[in-house]
Amino acid sequence: MSAVELPGIEHDAVTRWLAERGVPAPVEFSLVSGGRSNLTYRVTDAEGVVRALRRPPTGGVLSTAHDMSREWRFISALHGTGVPVPEPIAYCEDVEVTGAAFYVMDFVDGTVLADRPSVAPMSSRARHRAGMATVECMAALHNLDPDAVGLGDAARRDGYLQRQLRRWQKQVHASGAPDLGLLDQVHDALAANAPEQTTGIVHGDFRPGNLSYDLDGEVLAVLDWELATLGEPLADLGWLIATWEEPGDDLPAVTPGPTAEDGFPARDDLIDRYAELTRRDLSDLPFYVAFQRWRSCCITAGVRARYQAGHMGDDGYDAGARADTEQRQAQLAWQAVKDLGLV
């Protein structure tokens, strides 16, 4: 597929916009990742310099779900802190350029640990380091003062969990996804038993599949800030734990990942390291793991509904398999709230 035909990119208009900001033409674009989340393109200029461009999906976008200005603001604020993010370069709010707002940032040439095959080049020692570096990077994010980095007014500072419950409940129903009765029951149990909350910077999807690593396991950059906000940091840790698969697990992780491969630390090791670095009270962590199982169901049910509506193209997505997985995750979320004594 030529760059001119690349979905989501108006080649000539984006090339002119980049040229006005010092990026020499001609420019080549290629899709790095996308379909169900914000789209990432590799941008190579006339001198061979590579950058990354991020924009929303080309169809089926839900309100607030793909806010490019949010991503731009968070990586701009965090660049230069102890949290590694790509260097922000330029933001375009003019939707006439390519059909949506977008931004351009430095291209971080590392390894994203999205699945089991992705860790093949890493030694067992490097895999262990990658696991510990992941939670250390999360702790560094959560130890930041939002006001000190200019994010104090990026979102409301109260009622994070209540807002999340309302948001995902609303979005999954708006997506047209069927069979939401069990998810609604879990929502009601969580909403009725929300614990006291603190406020920090929350990434919203913090896991190895959204981080870039070097082959020694160190984190080069935290990516995909589309869900970032202010809220309870334990929600991030709950998501990481819910996604962290171990060998021999009876319960499936909420999203596929590499961590059942040899070398990765156990969930308890991550929790202990996070507690050591943040000194937070983790007594409510099981609640946030249950919440994240529920949230995962809302996200994947919405993705499946958008796929079936024809908004995501034919990228090998198995809607039938995902429906079975969603139902299993919903049952696990229900069991989790029962185990917590919430129903």
Side-chain angles (χ1 to χ4, degrees), residues 64-65 135 138 142 155-175 177-200 202-207 227 229-246 249-255 257 266-268 270-272 274-275 278-304 322-343:
T64 77
V135 78
M138 175 185 284
H142 293 168
R156 286 178 52 186
R157 303 174 72 102
D158 62 334
Y160 168 78
L161 187 62
Q162 290 82 355
R163 286 185 281 120
Q164 286 285 299
L165 287 164
R166 286 194 300 269
R167 173 187 179 180
W168 293 109
Q169 178 84 335
K170 179 180 178 180
Q171 288 195 357
V172 73
H173 279 273
S175 73
D179 305 323
L180 298 177
L182 188 55
L183 282 185
D184 289 344
Q185 292 178 10
V186 176
H187 166 272
D188 293 346
L190 293 169
N193 295 277
E196 292 293 322
Q197 299 159 64
T198 60
T199 299
V202 176
H203 178 274
D205 194 8
F206 204 109
R207 56 186 173 85
L227 300 177
T229 189
L230 302 183
E232 172 53 63
L234 287 187
D236 266 351
L237 183 59
W239 180 251
L240 183 65
I241 297 306
T243 65
W244 201 270
E245 185 182 3
E246 294 181 11
D249 273 348
D250 293 328
L251 303 181
V254 297
T255 190
R267 289 184 291 266
D268 285 346
L270 304 182
I271 294 168
D272 290 346
Y274 182 88
T278 66
R279 304 298 179 185
R280 291 183 181 274
D281 177 4
L282 303 187
S283 57
D284 288 326
L285 180 58
F287 180 97
Y288 285 98
V289 175
F291 160 70
Q292 294 293 16
R293 284 194 175 275
W294 173 83
R295 185 181 75 123
S296 172
C297 293
C298 293
I299 294 170
T300 56
V303 167
R304 179 165 56 94
R322 288 308 304 168
D324 293 340
T325 301
E326 291 155 25
Q327 186 64 22
R328 176 65 173 143
Q329 290 292 350
Q331 292 168 350
L332 292 172
W334 178 246
Q335 187 60 50
V337 298
K338 289 177 67 177
D339 292 345
L340 289 168
L342 305 185
V343 291

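- No side-chain heavy atom of Ser296 sits less than 4.5 Å from a side-chain heavy atom of Thr255.
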Decide side chain to side chain contact (heavy atoms under 4.5 Å, CB included) for Asp184 and His173; before the verdict, give the C-alpha distance in whole Å, the side-chain angles of both, and the deciding distance to 0.1 Å. CA-CA 10 Å; Asp184 289 344; His173 279 273; 2.9 Å; yes
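- Between Leu282 and Pro286, the closest heavy-atom pair is O-CD, 4.2 Å.
- For the side-chain contact (heavy atoms from CB on, under 4.5 Å) criterion with Trp239, the lone passing option out of His203, Arg207, Arg293 is Arg207.
- With values rounded to the nearest 0.5 angstrom, Trp168 atom CH2 is found 4.0 Å from Ile299 atom CD1.
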Stepwise side chain to side chain contact (heavy atoms under 4.5 Å, CB included) test for Leu237 and Arg280: CA-CA 11 Å; Leu237 183 59; Arg280 291 183 181 274; over 6 Å; no
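- Of all non-hydrogen atoms in Ala235 and Gln292, the two that sit nearest each other are O-NE2, 2.6 Å.
- Ala253 approaches Thr243 most closely through the heavy-atom pair CB-O, 3.5 Å.
- Side-chain contact check for Asp281 versus Glu196: every heavy-atom pair is 4.5 Å or farther apart.
- Distance check: Arg157 CZ to Thr198 OG1 gives 11.0 Å after rounding to the nearest 0.5 Å.
- Taken to the nearest 0.5 Å, the CD1 atom of Ile241 stands 8.0 Å off from the CG atom of Asp268.
- The structure places CG of Leu234 at 5.5 Å from OH of Tyr274, a figure rounded to the nearest 0.5 Å.
- The CG atom of Asn193 sits 11.0 Å away from the CG atom of Asp284 when rounded to the nearest 0.5 Å.
- The two residues Val289 and Ala242 come nearest to each other via the heavy atoms CG1-CB, 4.3 Å.
- The two residues Leu183 and Cys297 make their nearest non-hydrogen contact at CD2-CB, 3.3 Å.
- Side-chain contact check for Leu161 versus Tyr288: some heavy-atom pair is nearer than 4.5 Å.
- In the model, Arg166 has no side-chain atom that pairs as donor or acceptor with a side-chain atom of Gln169 under 3.5 Å.
- Listed here is the closest heavy atom pair of Leu230 and Ala155: CD1-O, 3.6 Å.
- Looking at Arg167 and Leu227, their side chains come closer than 4.5 Å, going by heavy atoms from C-beta outward.
- By the 30° and 60° cut-offs, the orientation of the rings of His187 relative to Trp294 is tilted.
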Does Phe287 form a side chain to side chain contact (heavy atoms under 4.5 Å, CB included) with Leu190? I'd like the steps, not just the answer. CA-CA 8 Å; Phe287 180 97; Leu190 293 169; 3.8 Å; yes
Which is it for Leu240 and Met138 under the side chain to side chain contact (heavy atoms under 4.5 Å, CB included) test, yes or no, and what are the steps along the way? CA-CA 9 Å; Leu240 183 65; Met138 175 185 284; 3.8 Å; yes
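- Between the NE2 atom in His142 and the CD atom in Glu232 there is a gap of 8.5 Å [rounded to 0.5 Å].
- Counting only heavy atoms from C-beta outward, the side chains of Asp249 and Trp244 never approach each other to under 4.5 Å.
- Using modelled atom types, one side-chain atom of Arg163 and one backbone atom of Arg156 make a donor-acceptor pair closer than 3.5 Å.
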